[in-house]
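What follows is a set of notes on a single structure, which appears directly below.
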Amino acid sequence: MQAKIQDHTMTTTIRDTHTTLEQFLSDWTRQAFLDIFGPLPAATKLGVTATATPEHGDYQCNQAMTLAKALQTRPRDIATRFVETAKTPPLIERLDVAGPGFINYHLDRRVMARTLGVRTIDGTVPLPDVGRDRTVILDYSGPNVAKPMHVGHIRSTVIGNALHRMYKALGYRVVADNHLGDWGTQFGILIMGYRHFLNPDALREQPIAELERLYVLSHAESRKNPDWLDQARAELVKLQAGDPNNTELWRNFVDLSRREFDRIYQRLNVTFDVVRGESYYRNRTADIVDQLIARGIARESEGAIVAFLDAEKLPPCIVRKRDGGMNYAASDLAAVADRVDEFHPERIVYVTDERQQLHFKQIAAICRRLELPVTLEHVWFGLMRLPGRTFSTREGNVIPLETLLDEAETRAMTMISSTDMAASEKRETARIIGIGAVKYADLSQNPRSLVTFTMDKALSLEGNSGPYLQYAHARIRSLLRKYHDQFPQTDYLQATPAANEASEKDLILRLSRFPETVVHAIDAYKPSALAEYLYELAGAYNALYQTVPFLKAPDGIRESRIRLCACVSDTLRKGLDLLGIEAPERM
RNA sequence: GCCCCCGUAGCUCAGUUGGAUAGAGCAUCGGAUUUCUAAUCCGAAUGUCGCAGGUUCAAGUCCUGCCGGGGGCGCCA
């Protein structure tokens with residue numbers, strides 16, 4: 001996609017959507033440095049970063065300091081020479097030197113406003129296709145079959161889905177795979193429970209709750225009775241060997257669970273490209289283990305097959321159990337090999353909780369030894385806790401995910417009860433607000449932090465929250481409708497976004513930074529970086545809203561301000577969409 | 001015992017390849033609505049960035065040690 005620019009002064013600025021403001025400035029800076037100072041040490045990073053405060057301009061380059069030794073010149077002199085010699089494009093209004101040698105970039109708001117106007121003329125917000133010809137496999141959510149989804153599962157699902165959406169928006173070919181836990185030892189336990197404790201009526205009415213009950217009972221039995229555990233292991237081995245009875249049971253468990261999962265995914269607006277689960281790779285595990293042995297990566301130890309990873313300073317990794325059963329390491333390795341064969345991804349990204357860090361380090365090490373042409377990335381997040389203690393299925397203090405979602409929608413409904421919407425629109429809006437609040441509460445923090453879960457915080461509807469962003473969006477949409485009603489003869493889309501008042505200039509800069517924000521967020525695997533950006537954008541808009549009139553502004557100014565507002569609402573909606581959150585037209 | 005992660009305001013947390021005076025929300029206090037949705041905005045107050053060294057022109061950020069919390073470490077996933 002390439003936006004056409006008529007103004008010839010723009011030809012040396014951002015002409016298309018293949019770059020970001022930051023990248024454009026960094027590229028220009030690098031070239032200008034080379035032109036002025038000649039060849040520089042290869043490792044030199046010559047780029048710009050956004051400034052912390054507006055007094056220092058919009059972007060800054062700090063390399064005069066780092067280059068001082070190589071050039072044997074004082075930093076301040078380097079910066080001064082750069083500023084006085086470099087031939088700046090129209091986008092850069094001026095450069096100046098500050099402090100020990102910071103180079104501050106002040107950008108021309110009118111040029112930026114025109115670029116914004118051109119790029120978003122049709123209401124879309126283009127992003128650079130940095131992912132062109134790149135394939136990524138995203139492995140997220142992955143709930144265990146026969147266990148209900150509780151609030152602890154929401155993190156992988158919501159964070160993974162946001163990454164999924166961002167990758168797609170940046171032009172990556174992305175394969176999102178829901179790697180269900182459908183082939184583990186739990187089935188041995190579950191089959192034993194099914195055989196001994198089943199309540200058929202309960203299974204018909206509340207299948208997952210009944211499977212959960214059977215699992216808990218059988219698990220408790222296995223803890224005090226070693227024979228029980230051995231029998232459970234034997235049932236698992238039978239299943240893995242293709243025993244028809246156990247296979248039938250297993251298939252039933254999986255079907256029941258998937259129906260329940262699908263209902264929740266639909267509610268969360270989460271989709272996958274493939275749903276394979278561990279069982280999909282079950283016929284490939286033996287082959288992987290053989291390869292590991294043949295290549296000297298793994299060997300027999302105490303009856304099991306174990307990969308020793310001393311060179312990587314990692315503990316040994318068991319890939320095949322003493323009883324011949326394959327464990328999750330074998331399964332994950334088989335999955336990597338299969339995905340490499342089928343999709344040729346440059347990387348596979350796993351989104352799981354922090355407890356699996358060691359596991360994925362081991363898997364990555366083994367894949368390197370197997371010389372599989374793929375990079376594994378583990379995006380881990382902190383566990384969800386209740387105030388005072390951790391979640392535990394056995395302690396029975398889990399909050400079912402659906403209970404949380406119901407509660408969120410109920411609270412949102414209370415909030416909009418006094419509006420004049422029709423009942424159906426109220427229900428739909430409450431759904432959007434409630435689900436959005438739950439998702440945003442999770443996405444707005446650094447994934448790595450340990451989350452202490454409280455209902456009030458998850459459902460908070462003010463401050464840095466999903467509803468805050470949705471509300472800002474809805475108000476702008478309302479404003480645009482009013483404009484059409486009051487001024488049906490004119491079209492704000494013909495106007496260039498306003499860039500005169502300080503708060504307008506501030507918004508122009510923020511809007512221009514949207515693409516690079518998305519790129520940074522995906523590179524760091526942090527949807528929270530995008531969430532923070534959106535929060536600040538909404539805050540900047542709210543500040544503008546307080547200071548200048550829109551509909552009551554003079555002709556011309558009115559159009560350019562409304563145009564600016566439209567850019568904000570488009571960006572908010574796009575940003576929320578990348579987080580998997582809907583934006584209602586009114587609230 | 002070994003490995004990984006975290007430690008920032010009363011609470012919950014941001015803090016881009018190391019950059020200029022460490023920031024939000026909640027809570028507290030004080031303001032703003034003849035106006036386009038007050039779910040908003042403006043202001044005040046709040047800090048030994050766990051502790052101690054080190055590297056650097058520059059450290060909340062990197063290195064080492066220690067303290068505190070969480071997680072993991074051959075037959076669970």
Side-chain angles (χ1 to χ4, degrees), chain A residues 22 45 47 49-53 55-56 60 62 65-66 68-69 74-75 98-102 104 142 144 181 183-186 189 233 278 301-308 313-323 325 327-329 331-332 352-359 361-362 380 382-383 385 390 415-416 419 433 444-446 448-452 454 456-457 460-465 467-468 470-472 474-476 478-479 482-483 486 516-517 520-521 523-524 526 528-529 531-532 535-536 538-539 541-553 562 565 586-587:
Chain A
E22 183 189 44
K45 293 174 192 161
T49 54
T51 58
T53 60
E55 299 88 73
H56 301 131
Q60 65 185 62
N62 305 325
M65 275 84 77
T66 53
K69 273 187 186 146
R74 282 181 303 196
F102 295 109
N104 292 334
N144 285 325
W183 200 241
T185 304
Q186 75 220 36
I189 306 261
R233 287 208 179 104
E278 297 169 80
S301 170
E302 295 174 38
I305 303 297
V306 182
F308 290 91
K313 292 183 178 152
L314 292 170
C317 177
I318 292 180
V319 294
R320 197 180 79 192
K321 296 183 281 185
R322 184 166 38 193
D323 62 13
N327 66 4
Y328 68 122
S331 175
D332 275 347
T352 83
D353 71 61
E354 61 182 342
R355 289 174 302 184
Q356 301 197 37
Q357 284 180 79
L358 174 58
H359 168 66
K361 278 183 190 173
Q362 291 174 324
W380 57 266
L383 288 174
R385 298 191 303 178
T390 55
M415 185 170 59
I416 58 171
T419 63
I433 296 171
S444 61
Q445 25 190 339
N446 185 336
R448 296 193 170 189
S449 58
L450 220 65
V451 172
T452 300
T454 61
D456 280 338
K457 187 167 185 214
S460 168
L461 305 173
E462 51 187 36
N464 187 3
S465 70
Y468 175 88
Q470 291 169 326
Y471 184 61
R475 284 181 65 160
I476 298 173
S478 167
L479 190 66
K482 280 206 161 64
Y483 177 88
Q486 293 179 25
E516 68 203 42
T517 302
H520 280 146
D523 285 348
K526 278 164 83 169
S528 58
E532 188 184 5
Y535 175 61
E536 288 176 358
Y541 168 76
N542 281 326
L544 177 72
Y545 179 86
Q546 302 290 330
T547 44
V548 302
F550 301 137
L551 295 174
K552 292 181 178 171
I562 296 287
C565 291
R586 50 184 191 155
M587 292 171 70

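Lettering of chains follows the sequences in order, A, B, ..., and the numbering in each one begins at 1.
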In whole Å, what is the span from the CH2 atom of A:Trp380 to the P atom of B:G70?
16 Å
Whole-Å gap separating P (B:G15) and CD (A:Glu532)
6 Å
Of the candidates B:A20, B:G71, B:G74, the side chain of A:Glu354 sits closest to B:G71
Name the stems that RNA chain B belongs to, where each is three or more consecutive Watson-Crick or G-U pairs with both distances under 3.5 Å?
B:1-7 with B:67-73, B:10-13 with B:23-26, B:28-32 with B:40-44, B:50-54 with B:62-66
C1'-based separation of B:U28 from B:G10 [nearest Å]:
10 Å
P-based separation of B:A22 from B:U46 [nearest Å]
14 Å
Selected nucleotide, minimal atom distance to A:Ala98 side chain, candidates B:C75, B:U16, B:A20
B:A20
Is the side chain of A:Asn327 donor-acceptor paired with the backbone N or O of A:Ile318 at a distance under 3.5 Å, no angle test?
yes
Rounded to the nearest 0.5 Å, the OG1 atom of A:Thr419 sits from the CE atom of A:Met587 at a distance of 10.0 Å
Could you work out the separation of B:C62 and B:G25 based on their C1' atoms and round it to a whole Å?
30 Å
Within the structure shown, what part of the strands sits under 4.0 Å from A:Lys361 by heavy-atom distance: base, sugar-phosphate, or nothing?
sugar-phosphate
By nearest-nucleotide position on RNA chain B, the 5'-leaning member of A:Asn464 and A:Asn62 is A:Asn62
Atom pair OH/CZ of A:Tyr471 and A:Arg586 - distance to nearest 0.5 Å
13.5 Å
With the sugar-phosphate defined as primed atoms, P, OP1 and OP2, and the base as all remaining atoms, what B/S/- string results for nucleotides 29-41 of chain B, 5' to 3', for protein heavy atoms under 4.0 Å?
------SBBSBBS
Grab the CD-C1' distance between A:Gln356 and B:C73 for me, whole Å please.
14 Å
With no angle test and no hydrogens, is the base of B:A20 tied to the side chain of A:Gln60 by a donor-acceptor pair under 3.5 Å?
yes
With a 4.0 Å cut-off on heavy atoms, is A:Asn446 in touch with a base, just the backbone sugar-phosphate, or nothing at all?
sugar-phosphate
Spacing of A:Arg322 atom CZ relative to B:G74 atom C1', expressed in whole Å
9 Å
Counting any heavy atom closer than 4.0 Å, what does A:Glu278 reach on the DNA or RNA strands: base, sugar-phosphate only, or nothing?
sugar-phosphate
Look at A:Arg233 and B:C76 and indicate whether a side-chain polar atom (N or O) is within less than 4.0 Å of OP1 or OP2.
yes
Need one value for A:Gly181: base, sugar-phosphate or nothing, where a base atom within 4.0 Å counts as base even if backbone is also close, heavy atoms only.
nothing
Considering only atom P, compute the distance from B:C75 to B:C26 and round it to an integer number of Å.
49 Å
Residue pair A:Asn542 / A:Tyr468, side-chain donor-acceptor N/O under 3.5 Å
yes
Syn or anti conformation of B:G74, syn meaning chi within 90° of 0:
syn
Assert: residue with more 5' nearest nucleotide on RNA chain B, out of A:Pro100 and A:Ala304, is A:Pro100
Would you say the side-chain atoms of A:Arg475 and A:Tyr545 include a donor-acceptor pair closer than 3.5 Å?
yes
To the nearest angstrom, the NZ-C1' distance between A:Lys526 and B:A14 comes to 9 Å
Is the side chain of A:Gln356 donor-acceptor paired with the backbone N or O of A:Asp353 at a distance under 3.5 Å, no angle test?
no
Once you round to the nearest 0.5 Å, how far does CD of A:Gln362 lie from CG of A:Asp332?
11.0 Å
Name the nucleic acid region contacted by A:Gln486, choosing base, sugar-phosphate or nothing; use a 4.0 angstrom heavy-atom cut-off, strictly under.
nothing
Hey, what do you get for CG (A:Asn62) to CZ (A:Phe102), rounding to the nearest 0.5 Å?
5.5 Å
Take the protein atom CD of A:Gln362 and the nucleotide atom C1' of B:C4, then report the distance between them rounded to whole Å.
12 Å
Starting the side chain at C-beta, find the nucleotide from B:G72, B:C75, B:G19 nearest to A:Ile318.
B:C75
C1' gap between B:U12 and B:U17, integer Å:
29 Å
Rounding to an integer number of angstrom, what distance separates B:U21 and B:G60 when you compare their C1' atoms?
15 Å
Nearest whole Å is fine: how far is B:A14 C1' from A:Gln445 CD?
10 Å
Quick one: is A:Lys69 getting a side-chain N or O under 4.0 Å of the B:U56 phosphate, OP1 or OP2?
no
Where the side chain of A:Phe308 is concerned, which of B:C57, B:G74, B:C75 is the nearest nucleotide?
B:G74
Distance check, rounded to the nearest 0.5 Å: A:Leu358 atom CG versus A:Leu314 atom CG?
6.5 Å
Which whole number of Å gives the distance between the C1' atom of B:A24 and that of B:A14?
7 Å
In whole angstrom, give the distance that lies between atom CD of A:Gln357 and atom P of B:C73.
12 Å
Going through the distances and angles, do A:Tyr535 and A:Ser444 end up as a side chain to side chain contact (heavy atoms under 4.5 Å, CB included)?
CA-CA 9 Å; A:Tyr535 175 61; A:Ser444 61; over 6 Å; no
Nearest-0.5 Å distance, SG of residue A:Cys565 to CZ of residue A:Phe550:
4.0 Å
What's the gap between B:U16 and B:U8 when it is taken at their P atoms, as a whole Å value?
16 Å
Name the nucleic acid region contacted by A:Glu536, choosing base, sugar-phosphate or nothing; use a 4.0 angstrom heavy-atom cut-off, strictly under.
nothing
Got a donor-acceptor contact below 3.5 angstrom from the A:Glu22 side chain to the A:Glu516 backbone?
no
Counting the atoms with a prime plus P, OP1 and OP2 as sugar-phosphate, which does A:Ala529 contact under 4.0 Å by heavy atoms, base, sugar-phosphate, or nothing?
nothing
Tell me which nucleotide among B:C57, B:A20, B:C73 gets nearest to the side chain of A:Pro315.
B:C73
